[in-house]
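Notes follow the structure.
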Amino acid sequence: MIVAYGVANLLQSVAAARTTVHHTFDPGLLLRLAGHRTYLVGLACQVAGFVLAFLSRRDLPLFLVQASVAAGLGVTALLGVVLLKWRLPVAEVALLVLLFAGITALVLAARPAPSKALGTGGIVALLLALAVIAVLGFFAVRLHGAPGSVALGSLAGLAFSAAAVAARPLASAPGWDAFLGDPLLYLLVGHSVVGQLLLGLAMQRGSTTAAVAAMDAAGAVPAAIVGLLLLNDKIWPGREWLAGIGFLVTLAAVVGLTRYAEPQHHHAVARETTRAVVGPRPPLVPQPAAAGCEVATAGGSGDPLTQAASTGLRRPTTRS
C-alpha cells in the first residue's frame, strides 16, 4: 500500500507538471490528465493503494492506515531522487527517517477491531463536508505557487480523510447488496473524486512533496479523531503513549517535509525558460524588402525580436 501510493504520487506529479496550469476549479483537468499515459499508470497505482487501504480499514484503526498512506510521501521522494534526479536536503532525509520511526510506533500500538456503524448524523456530516470542501477549493484554486500548492493539497487531504471515514464502516458491509446500497459508498466516491481533482491542481502549482505532505497532514488528524471517538478504533492497553508519540512524530515529519520541499518540476521549467530567453541572440538574416515595408535592422524598430514581442509571439517553452 505504501509503495503503491508513493509511485502514484510521483507519476501523477509528472503528468500534472506537463499539463497546462488551471486557475479554475474545473473537473475537466482530470480528463486532460487522463490523456497522459504516465497519469493513467499513476492512477492505477493509486487505485491499487486505495483498495489495499480499504481492506485494511476493515479491522485496523484509521490513525494507522492514514499514517501509512502518508508514508507513501517517503517513497515518492526516494523515487524522485533515483529516477528524476531530485535533490533532497539533509534535513529532508532526517525527516524521512522520523517518518519511518513514527509509522513503526503506530504499528506497534494499533489494536485490530471491527468498526462501528456510522449513523444518519455522520452521513449528513460527510455530505456537508463534501460541499464545504468543494466551495473552498473553488476559491483556493486562485492561489499560485507554494501557497496554492499547500492550500489545495490540504483540502485534498480533508476530502480523502472524509473518504477514509466513510470507508471504515463500509468495509464491514455483510454483502454486495448492502455494500452497493449504502450511501457511504457514494460519499466515498464523491470525496475521492474531489480530492483527486484538488491534488492535481495542487501538484501544478509547486512541489510534489509540498502538495502531498499538506494533503497527508490535513487528512491524518480528522480521520484519527473520528476513528477513535466514533468508529471503535483501538489501542493496545498500556501503549497509548506509544500511539501518541508515533502519531505526533509522523505528523511532524510530514509537516516538516512541506517546509523543506522544493518545487522540483517547476525549477526545471524555469531553467529551460531562462536558457531560451538569456541565450545569445541569433544573427539577423537580411531579408529582401517587400513593397511598402522597411528592411529589418538590428537597432531599429524592425528588430525581429521587437516585432515578435509587439505581435504577441514568443518562443515556445516545454514543460518537464
Side-chain angles (χ1 to χ4, degrees), residues 1-2 5-6 9 49-50 52-74 95 98-119 121-123 125-126 128-130 132-133 150 153-172 184 187-188 191-192 194-195 198-199 212-258:
M1 176 181 67
I2 295 175
Y5 273 113
N9 291 333
F50 175 82
L52 293 173
F54 180 82
L55 296 176
S56 300
R57 293 184 184 107
R58 180 182 178 91
D59 296 309
L60 295 179
L62 288 179
F63 66 80
L64 172 59
V65 178
Q66 295 308 104
S68 299
V69 171
L73 176 62
L95 289 170
L98 285 177
L99 183 63
F100 177 78
I103 293 295
T104 302
L106 290 175
V107 170
L108 296 175
R111 178 182 176 183
S115 173
K116 289 182 179 179
L118 195 63
I123 294 175
L126 288 176
L128 292 176
L130 179 60
V132 171
I133 292 171
V150 172
S154 299
L155 289 174
L158 292 177
F160 287 132
S161 180
V165 170
R168 175 89 162 102
L170 182 63
S172 301
L184 289 175
L187 286 170
L188 169 63
H191 277 285
S192 298
V194 171
L198 290 168
L199 179 59
V212 177
M215 174 187 70
D216 291 332
V221 176
I225 293 176
V226 173
L228 289 171
L229 294 179
L230 302 177
L231 299 179
N232 198 39
D233 287 1
K234 299 290 186 181
I235 301 173
W236 287 109
R239 298 184 185 177
E240 292 83 2
W241 65 273
L242 185 61
I245 292 177
F247 189 80
L248 290 177
V249 168
T250 302
L251 186 61
V254 171
V255 173
L257 286 171
T258 304

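Fair warning: this is a prediction, and the values are worked out from it, not measured in the lab.
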Practice problem: Carefully, step by step, assess Arg168 and Leu118 under the rule side chain to side chain contact (heavy atoms under 4.5 Å, CB included). | Solution: CA-CA 9 Å; Arg168 175 89 162 102; Leu118 195 63; over 6 Å; no
Self-check item: Spacing of Leu231 atom CG and Ile225 atom CD1 [to the nearest 0.5 Å]
Solution: 12.5 Å
Quiz prompt | Non-hydrogen atoms of Leu106 and Ala243 that approach each other most closely | solution = CD2-O, 3.5 Å
Exercise. Report the distance from atom CD of Glu240 to atom CD1 of Ile245, rounding to the nearest 0.5 Å.
Key: 12.0 Å
Quiz item: Would Val69 and Phe160 count as a side chain to side chain contact (heavy atoms under 4.5 Å, CB included) if you check the C-alpha gap in whole Å, the side-chain angles of each, and the deciding distance to 0.1 Å?
Solution: CA-CA 11 Å; Val69 171; Phe160 287 132; over 6 Å; no
Practice problem: Could you pull out the closest heavy-atom pair between Gly219 and Gln66, with the gap in Å? | Solution: O-NE2, 4.2 Å
Exercise. Indicate the atoms forming the closest heavy-atom contact of Ser68 with Met1, along with that distance.
Key: CB-CE, 3.4 Å
Quiz item: CD1/Ile123 to CG/Leu128 distance, rounded to the nearest 0.5 angstrom?
Solution: 12.0 Å
Practice problem: Taking the side chain as every heavy atom from C-beta outward, state whether Leu126 and Leu184 have any pair of such atoms under 4.5 Å apart. | Solution: yes
Practice problem: Write down the atom of Asn232, the atom of Pro114, and the distance for their closest heavy-atom approach. | Solution: ND2-O, 2.8 Å
Quiz item: Looking at side-chain heavy atoms only, is the closest gap between Val226 and Leu62 below 4.5 Å?
Solution: no
Exercise. Could you check if a side-chain atom of Leu188 sits within less than 4.5 angstrom of a side-chain atom of Phe50, using non-hydrogen atoms only?
Key: yes
Self-check item: From Leu228 atom CG to Lys234 atom NZ, the distance as rounded to the nearest 0.5 Å
Solution: 10.0 Å
Practice problem: Kindly check if the number of other-residue, nucleotide or ligand heavy atoms within 6.0 Å of CZ (Phe100) is above 12? | Solution: no
Practice problem: Kindly indicate whether the side chain of Trp236, heavy atoms from C-beta on, has any atom under 4.5 Å from the side chain of Leu242. | Solution: no
Self-check item: Distance (rounded to the nearest 0.5 Å) between Thr250 OG1 and Leu64 CG
Solution: 9.5 Å
Exercise. Nearest 0.5 Å please: distance from the CG atom of Leu99 over to the CG atom of Leu251.
Key: 10.5 Å
Practice problem: Check whether any side-chain heavy atom of Pro222 sits under 4.5 Å from a side-chain heavy atom of Leu158, and report yes or no. | Solution: yes
Self-check item: Where Phe63 and Ala224 come nearest, the two heavy atoms and their spacing
Solution: CB-CB, 3.7 Å
Exercise. Measure across Leu108 and Arg239 and return the closest heavy-atom pair with its distance rounded to 0.1 Å.
Key: O-NH1, 2.6 Å
Quiz item: Do the non-hydrogen side-chain atoms of Ser161 and His191 ever get within less than 4.5 Å of each other?
Solution: no
